[in-house]
Peer 1: 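The structure's right below; bear with me while I get my questions together.
Atom set for the values below is all heavy atoms of this structure, side chains included, hydrogens, waters and symmetry mates excluded. Atoms within each ligand, like the ligands themselves, are counted from 1 in listed order.
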Amino acid sequence: MSVIFIIFQISVVSLSCSFGEEINLYGDAGEAYAIEVNIGHPHQKFKLLVDTGSTTLALAAYAREDSSVYFHADNSSSLYNSGTTIEAAYTQGTWTGLLASDFIQFPSLSIPEVRSDFALITKSHEFFTKASVWQGLLGLAYNPVGAWGKSGAVESWLDALDRNLNKPMSFQLKLCGPISTSNTTHYGYFKVIDNQTPQSNYNKTFRTPVLRKRWYEVGVIGVRVLSSLTSEAKNKTADEIREPDKDMCTQLNTVKSIVDSGTTQIKLPDKLFREVVDELKNEFRKSQVLILDEFWNRREAACWLEPQVWTLPWLAIDLLSADADNQYFTLEIPPQNYMLVVGVHNSSDTSGTVSTYCYKLGLETGYTETVLGYTAMEGLQVTFNRSAGWIGFQTSDCGANARITGPYNTSTSLKTTCELIKPVAEVATSIQAAQWALCAISIIAASVLLYLLAPCIKNLFLKKMPRSQQISLSQAALVEEDSP
Ligand SMILES: *[C@@H]1O[C@H](CO)[C@@H](O)[C@H](O)[C@H]1NC(C)=O
Ligand SMILES: *[C@@H]1O[C@H](CO)[C@@H](O)[C@H](O)[C@H]1NC(C)=O
Ligand SMILES: *[C@@H]1O[C@H](CO)[C@@H](O)[C@H](O)[C@H]1NC(C)=O
Ligand SMILES: *[C@@H]1O[C@H](CO)[C@@H](O)[C@H](O)[C@H]1NC(C)=O
Ligand SMILES: *[C@@H]1O[C@H](CO)[C@@H](O)[C@H](O)[C@H]1NC(C)=O
Ligand SMILES: *[C@@H]1O[C@H](CO)[C@@H](O)[C@H](O)[C@H]1NC(C)=O
Ligand SMILES: *[C@@H]1O[C@H](CO)[C@@H](O)[C@H](O)[C@H]1NC(C)=O
């Protein structure tokens, strides 16, 4: 009796300890956030990208050119390998694998180990990045966009967890961005939460509905550059009537708008992307900072000799509110978020060690789609209530000082005005037909970047460039005129 009591005590203590916050997500510059996982019996340890843009857990099961870390299927006594082939194509990269199931356990999460389906990746193309520290993906989206085997949908890890606990669980992402100006590793927190557990962050939650439970599809009402740093941000009152730009919001949601932690950038439909970038470019011209066109147009990194403090406009993203059909709220994204730090590089010179700080634009064309990548989530605490179908945003205690304002009322239904409810063709079949055109990872090739940087640094010293001047990675544009 007493023994049982002691064990009970210990488990309660360890449970409450692990509910305290512990950093459990890390990512390299430009790459998404990854979590440590134990798979199989005995445990084999891996890192998986936390990806709300796909559903199926997929893991490398073969040695790649650049990495010898992979799942040794023969070594797990609990593995069940169905032998069924499955494949997937993401925004970047493809893989082919075998449908399997085994025990999945996250050392940083206080939830039970569960048996879940997953894919053993046996072949891939441009899926793993050269120096990537991760070996697979942890898909967190809904079943309709998961991989399919012969016997139907492949169960996601979250569904396996819900089934095991016999209740729906939600999860939370608190992404914080780079550790410091000299360390570009970014960090954050991933938490699975019981729907009955009281919230620990009492900041107001702004909820947006998941319009369709496939990806996390939401209603984006507008994306704007906040023209002045103070006037709009500090001088608005909630509950005021503000009409949406019908043209913009229908454009944003023509195909779909998703919240995707596996994507780096904020992606906008092409026309809007160009409008927003033009506006930012104009604002930049007014400031002292010089930025070459390649940065905006050719997605190149721009580097400086010291970390940049951006006094640039904020970006506003309006999202449909879950409380009323005629209401929206605004995520206000600071420049620290969309000026992504993609590398800090030290190099030695006769004059000593020099550091260069490189940045890339956190905005990209999504062609016809809208993707809110992790650039839109850093500095916020984001709760994904899968079963109830909403995503909640709160300001957080780490990362950039992103803000949330609103709610704002409109005079008409936003779902109607912005054409947010469209009949969707037979979900399962249309997705199967689309050959797993899942949205997932978009990765910046940091290794290429550092390689290209070396000649720039050399030139920099030969030409005695003034401090704070930008170095471009493009060989042709190494020197920029001083005056705007
Ligand atoms: C396979 O499992 C054994 C223990 O059963 C362990 O000693 C060995 O290191 C494992 N090999 C790999 C590659 O994980
Ligand atoms: C950056 O921080 C991480 C996590 O604390 C650490 O593992 C890594 O070594 C650091 N990198 C550098 C270059 O200091
Ligand atoms: C998810 O939504 C349900 C229904 O609205 C609610 O009861 C539950 O508390 C929510 N979970 C979280 C973590 O907010
Ligand atoms: C709004 O800002 C203007 C200056 O931009 C100021 O004069 C005015 O008092 C502000 N209004 C409120 C309600 O804060
Ligand atoms: C805004 O809309 C909500 C929900 O429809 C309503 O409760 C609130 O009174 C409205 N506020 C204003 C200022 O119209
Ligand atoms: C670069 O040098 C600075 C200062 O000497 C140091 O703090 C930093 O950790 C170095 N970064 C890397 C990536 O080596
Ligand atoms: C609530 O938000 C504020 C910023 O608005 C932040 O400073 C604070 O740390 C947040 N609280 C928690 C518990 O995240």
Side-chain angles (χ1 to χ4, degrees), residues 19-31 33-36 47 108-111 131 133-134 140 142 158 161-162 165 167-210 213 216 233-234 238 307 314 321-323 329-334 336-337 341-347 353-358 377-406 446-447 449-450:
F19 263 111
E21 291 207 309
E22 176 197 335
I23 297 174
N24 61 0
L25 296 179
Y26 284 104
D28 280 345
E31 291 206 345
Y33 293 78
I35 189 168
E36 198 174 277
K47 290 207 173 76
S108 61
L109 304 177
S110 47
I111 46 171
V133 297
W134 49 274
L140 297 169
Y142 294 99
L158 276 174
L161 183 68
D162 283 1
L165 297 173
K167 61 183 173 187
M169 300 294 276
S170 296
F171 66 92
Q172 209 167 61
L173 284 173
K174 192 161 91 181
L175 309 180
C176 307
I179 287 177
S180 69
T181 49
S182 61
N183 189 336
T184 54
T185 301
H186 40 228
Y187 72 101
Y189 306 84
F190 174 73
K191 217 155 76 173
V192 170
I193 41 177
D194 193 317
N195 285 334
Q196 266 71 55
T197 307
Q199 275 267 14
S200 56
N201 179 342
Y202 294 105
N203 283 337
K204 183 172 175 185
T205 306
F206 292 85
R207 298 179 304 133
T208 191
V210 175
K213 290 182 172 178
Y216 289 95
K234 292 202 175 137
W314 290 47
S321 161
D323 295 336
F329 61 89
T330 303
L331 306 181
E332 297 188 356
I333 311 295
Q336 290 92 297
N337 281 36
V341 187
V342 292
V344 178
H345 185 59
N346 285 348
S347 68
T353 301
V354 208
S355 301
T356 29
Y357 299 83
C358 300
M377 297 156 101
E378 282 177 347
L380 298 170
Q381 178 168 306
V382 190
T383 306
F384 292 76
N385 194 319
R386 287 205 319 147
S387 54
W390 53 257
I391 300 173
F393 292 86
Q394 292 167 288
T395 50
S396 89
D397 51 8
C398 77
N401 54 336
R403 298 183 293 237
I404 312 172
T405 59
S447 47
L449 184 93
L450 294 179

Peer 1: Between Tyr187 and Tyr33, does the ring centre distance come in under 6.0 Å?
Peer 2: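 Here the rings of Tyr33 and Tyr187 have centres that are no less than 6.0 Å from each other.
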
Peer 1: Does Trp390 offer a backbone N or O that forms a donor-acceptor pair with the side chain of Asn385 under 3.5 Å?
Peer 2: no

Peer 1: Which residue and non-hydrogen atom of the protein lie closest to atom 14 (O) of ligand 7, and at what distance in Å?
Peer 2: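 The closest heavy atom on the protein side is Asn201 ND2, 3.2 Å.
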
Peer 1: Does Tyr216 reach the main-chain N or O of Leu140 with its side chain, forming a donor-acceptor pair under 3.5 Å?
Peer 2: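 Checked: pair present.
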
Peer 1: With a cut-off of 4.0 Å, which atoms of ligand 3 are near a heavy atom of Ile193?
Peer 2: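 Near Ile193, the atoms of ligand 3 are 13 (C).
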
Peer 1: Would you say the side-chain atoms of His186 pair up with the backbone N or O of Ile179, donor to acceptor, closer than 3.5 Å?
Peer 2: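 A pair under 3.5 Å: no.
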
Peer 1: Check ligand 3 against Trp390 and write out every atom of the ligand that is under 4.0 Å from a heavy-atom position of the residue.
Peer 2: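 Numbered from 1, ligand 3 contributes 1 (C), 2 (O), 5 (O), 10 (C), 14 (O).
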
Peer 1: For ligand 2, which is the ligand I care about here, please tell me if Asn183 has any N or O atom under 3.5 Å from one of the ligand's N or O atoms.
Peer 2: yes

Peer 1: Any idea which part of Asp397 is under 4.0 Å from ligand 7, heavy-atom wise: side chain, backbone, both or neither?
Peer 2: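 It is both parts that get close, each with some atom under 4.0 Å.
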
Peer 1: With a 3.5 Å distance limit and no angle check, can you tell me whether Ser321 reaches the backbone of Asp323 through a side-chain donor-acceptor pair?
Peer 2: yes

Peer 1: In the complex you have, is atom 7 (O) of ligand 3 within reach of the protein, judged by whether a heavy-atom distance drops under 4.0 Å?
Peer 2: no

Peer 1: Students should be able to answer this: which protein heavy-atom is nearest to atom 10 (C) of ligand 3, and at what distance?
Peer 2: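 The answer is Asn385 ND2, 2.4 Å.
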
Peer 1: Identify the closest protein heavy atom to atom 9 (O) of ligand 3: which residue and atom is it, and at what distance?
Peer 2: Asn195 O, 2.9 Å

Peer 1: Side chains of Tyr189 and Ser108: closer than 4.5 Å at any heavy-atom pair?
Peer 2: no

Peer 1: Which ligand 3 atoms does Ala388 reach within 4.0 Å, using its non-hydrogen atoms?
Peer 2: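 The list of qualifying atoms is 1 (C), 2 (O), 3 (C), 4 (C), 5 (O).
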
Peer 1: For the aromatic rings, using the six-membered ring if either is Trp, is the centroid distance between Phe384 and Phe171 under 6.0 Å?
Peer 2: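 Yes - the distance between ring centres of Phe384 and Phe171 falls below the 6.0 Å cut-off.
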
Peer 1: What about Thr395: any of its N or O atoms under 3.5 Å from an N or O on ligand 7?
Peer 2: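 Yes - when backbone and side-chain N and O of Thr395 are compared with those of ligand 7, one distance drops under 3.5 Å.
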
Peer 1: Considering heavy atoms of the protein only, find what lies nearest to atom 2 (O) of ligand 7 and give residue, atom and distance to 0.1 Å.
Peer 2: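 Looking only at protein heavy atoms, the one closest to atom 2 (O) of ligand 7 is Asn203 ND2, 2.3 Å.
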
